[in-house]
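Shown next, in structure tokens, is the structure this report addresses.
Just so it is clear, the model here is predicted, and its values are computed rather than measured.
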Amino acid sequence: MVHREDTGSSSGNKDYENKVEMDENEVSHGHQKIKKTVIRPESQKPDQPEDDPFEPLVEQLESLRSLLIKSAVTFVLWFLIIFTTVRWWFPVVSMGADIVVFGPFEVIRFYIRTSAAMSLGLSTPFICWYLWQYVRAGLVDKQTQFLRGSLPVMLGLFLIGLSFGYFVVHPFSYFFLIEMGERNFDVLVTADEYMSFLLVTTIPFGLIFQLPIVVLFLNHIELLDSEIMVKFRKFAYFGLLVITAIIAPPDFFTHIITLLPMIGLYELSIILVRRKEKRTAEKEKSRTA
């Protein structure tokens, strides 16, 4: 009897010990389970890898690198095209003016400076498009729609400004100053000086003719309206006069020719802003009705 009780007690003790071990394992497993649940994000699955906090920065750097590479390639391509075709387009650009060079170093300097300046100007629309693709993701819908619709208009206004400078401002101011100098001097114009004068009298007008787009954008983000433009019209005219004195050649007639279209662009901007404000007011009235 005693032996049976000892055997039963020993087997019972073993069962009890096994049971205790199983319960401890379950508790341990449960603890690990709770710990894992607390650490893992709710949206993350067990097999899903953790998000890299530096991934957005890496994507931005890759996009920026792509932007710089495409811009550099575009600039180099235009540079090579212009550099290898100077002898064909320069006689047209010079408009029959008497131009000289004073040595071989000036020739290569003229080729490089002219090709670099013109390739930069011709690459600008492409660079703006690449830049638009880079910043498009960070803009809201209203800004995206405005800029997308403005890009063709900006390009058109830039070409109109270049044409105005090339066909109006440049020949008038150039031949006027040459004729004035020939009254007292033997005027010799080098190729480098001529191209510098040509770029000064054309490229700034391509930028100035962007004034309506700039004004519409400021009105779009509610920083400017037609009342402010009318109220400060005199100050705006004075600012345009200062800009004209900076970018135009130093003669009175060229300043007048340059100032008149700038004033016209300012008045056109006021008209466009008023039309936009009227259209916006009509939409709001139709929504509230």
Side-chain angles (χ1 to χ4, degrees), residues 43 56-57 59-60 63-64 66-67 70-71 121 123-165 167-169 202-248 255-289:
S43 60
L57 179 60
E59 292 179 355
Q60 290 293 327
S63 301
L64 181 60
S66 176
L67 167 66
K70 290 189 291 186
S71 301
S123 301
T124 300
F126 298 93
I127 295 174
C128 291
W129 175 253
Y130 302 148
L131 185 62
W132 154 254
Q133 291 179 330
Y134 176 73
V135 303
R136 179 174 55 184
L139 299 176
V140 297
D141 292 338
K142 292 178 64 178
Q143 295 174 346
T144 301
Q145 293 176 359
F146 178 84
L147 292 176
R148 182 183 299 174
S150 301
L151 285 175
V153 181
M154 292 173 63
L155 180 59
L157 290 175
F158 184 78
L159 295 177
I160 292 173
L162 288 180
S163 301
F164 175 79
F167 292 105
V168 179
V169 178
T202 52
I203 291 179
F205 292 96
L207 301 177
I208 290 172
F209 272 61
Q210 306 297 318
L211 179 62
I213 300 297
V214 175
V215 171
L216 286 174
F217 180 75
L218 293 177
N219 177 258
H220 184 74
I221 60 178
E222 299 180 355
L223 291 180
L224 190 66
D225 56 21
S226 58
E227 294 182 0
I228 296 177
M229 295 183 68
V230 172
K231 183 178 180 180
F232 292 96
R233 177 181 280 156
K234 295 180 180 179
F235 300 99
Y237 285 177
F238 179 76
L240 294 176
L241 180 62
V242 172
I243 295 174
T244 303
I246 294 174
I247 66 172
H255 286 178
I256 296 298
I257 294 174
T258 306
L259 182 62
L260 291 178
M262 294 174 68
I263 293 175
L265 288 171
Y266 187 83
E267 296 297 329
L268 176 63
S269 302
I270 295 177
I271 296 173
L272 293 175
V273 170
R274 282 177 175 173
R275 290 182 60 183
K276 184 177 180 297
E277 291 174 347
K278 184 178 179 180
R279 197 181 307 115
T280 304
E282 291 176 353
K283 288 182 179 179
E284 293 180 354
K285 186 183 294 185
S286 62
R287 289 177 182 176
T288 55

Counting N and O atoms only, with roles assigned by atom type, does the side chain of Glu267 sit under 3.5 Å from a partner on the main chain of Ile263, one being a donor and the other an acceptor?
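Here the side-chain-to-backbone pair does not exist.
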Is there a donor-acceptor pair under 3.5 Å between the side chain of Asn219 and the backbone N or O of Val273?
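No: the side chain of Asn219 does not pair with the backbone of Val273.
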Could you check Phe205 against Val168 for side chain to side chain contact (heavy atoms under 4.5 Å, CB included), going step by step and ending with a plain yes or no?
CA-CA 11 Å; Phe205 292 96; Val168 179; over 6 Å; no
Measure across [X] and [Y] and return the closest heavy-atom pair with its distance rounded to 0.1 Å.
X      : Y      : value
Ser269 : Pro212 : OG-CA, 3.3 Å
Pro261 : Phe164 : CG-CZ, 3.4 Å
Leu67  : Leu131 : CD1-N, 3.7 Å
Ser71  : Tyr130 : OG-CD1, 3.8 Å
Thr244 : Met262 : OG1-SD, 3.2 Å

Mark yes when over 12 heavy atoms from residues, nucleotides or ligands other than Arg233 sit less than 6.0 Å from its CZ; otherwise mark no.
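Yes.
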Is it the case that more than 12 heavy atoms not belonging to Glu277 sit under 6.0 Å from its CD atom?
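Check passes, neighbour count above 12.
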If you round to the nearest 0.5 Å, how far is [atom2] of [Y] from [atom1] of [X]?
X      : Y      : atom1 : atom2 : value
Ile246 : Thr258 : CD1   : OG1   : 12.5 Å
Ile243 : Leu259 : CD1   : CG    : 10.0 Å
Ile208 : Ile203 : CD1   : CD1   : 12.0 Å
Thr124 : Met154 : OG1   : CE    : 10.5 Å
Phe235 : Met229 : CZ    : CE    : 15.0 Å
Leu216 : Arg275 : CG    : CZ    : 10.5 Å

Could you please spell out the steps behind the side chain to side chain contact (heavy atoms under 4.5 Å, CB included) verdict for Arg274 and Val230?
CA-CA 11 Å; Arg274 282 177 175 173; Val230 172; 3.3 Å; yes
Are any of the side-chain heavy atoms of Ile213 and Phe217 separated by less than 4.5 Å?
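Heavy-atom side-chain distance check fails, nothing below 4.5 Å.
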Picking from Leu211, Val215, Leu240, Leu157, what satisfies side-chain contact (heavy atoms from CB on, under 4.5 Å) with Leu265?
Leu211
Classify the ring geometry of Tyr266 against Tyr237: parallel below 30°, tilted from 30° to 60°, perpendicular beyond 60°.
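Perpendicular.
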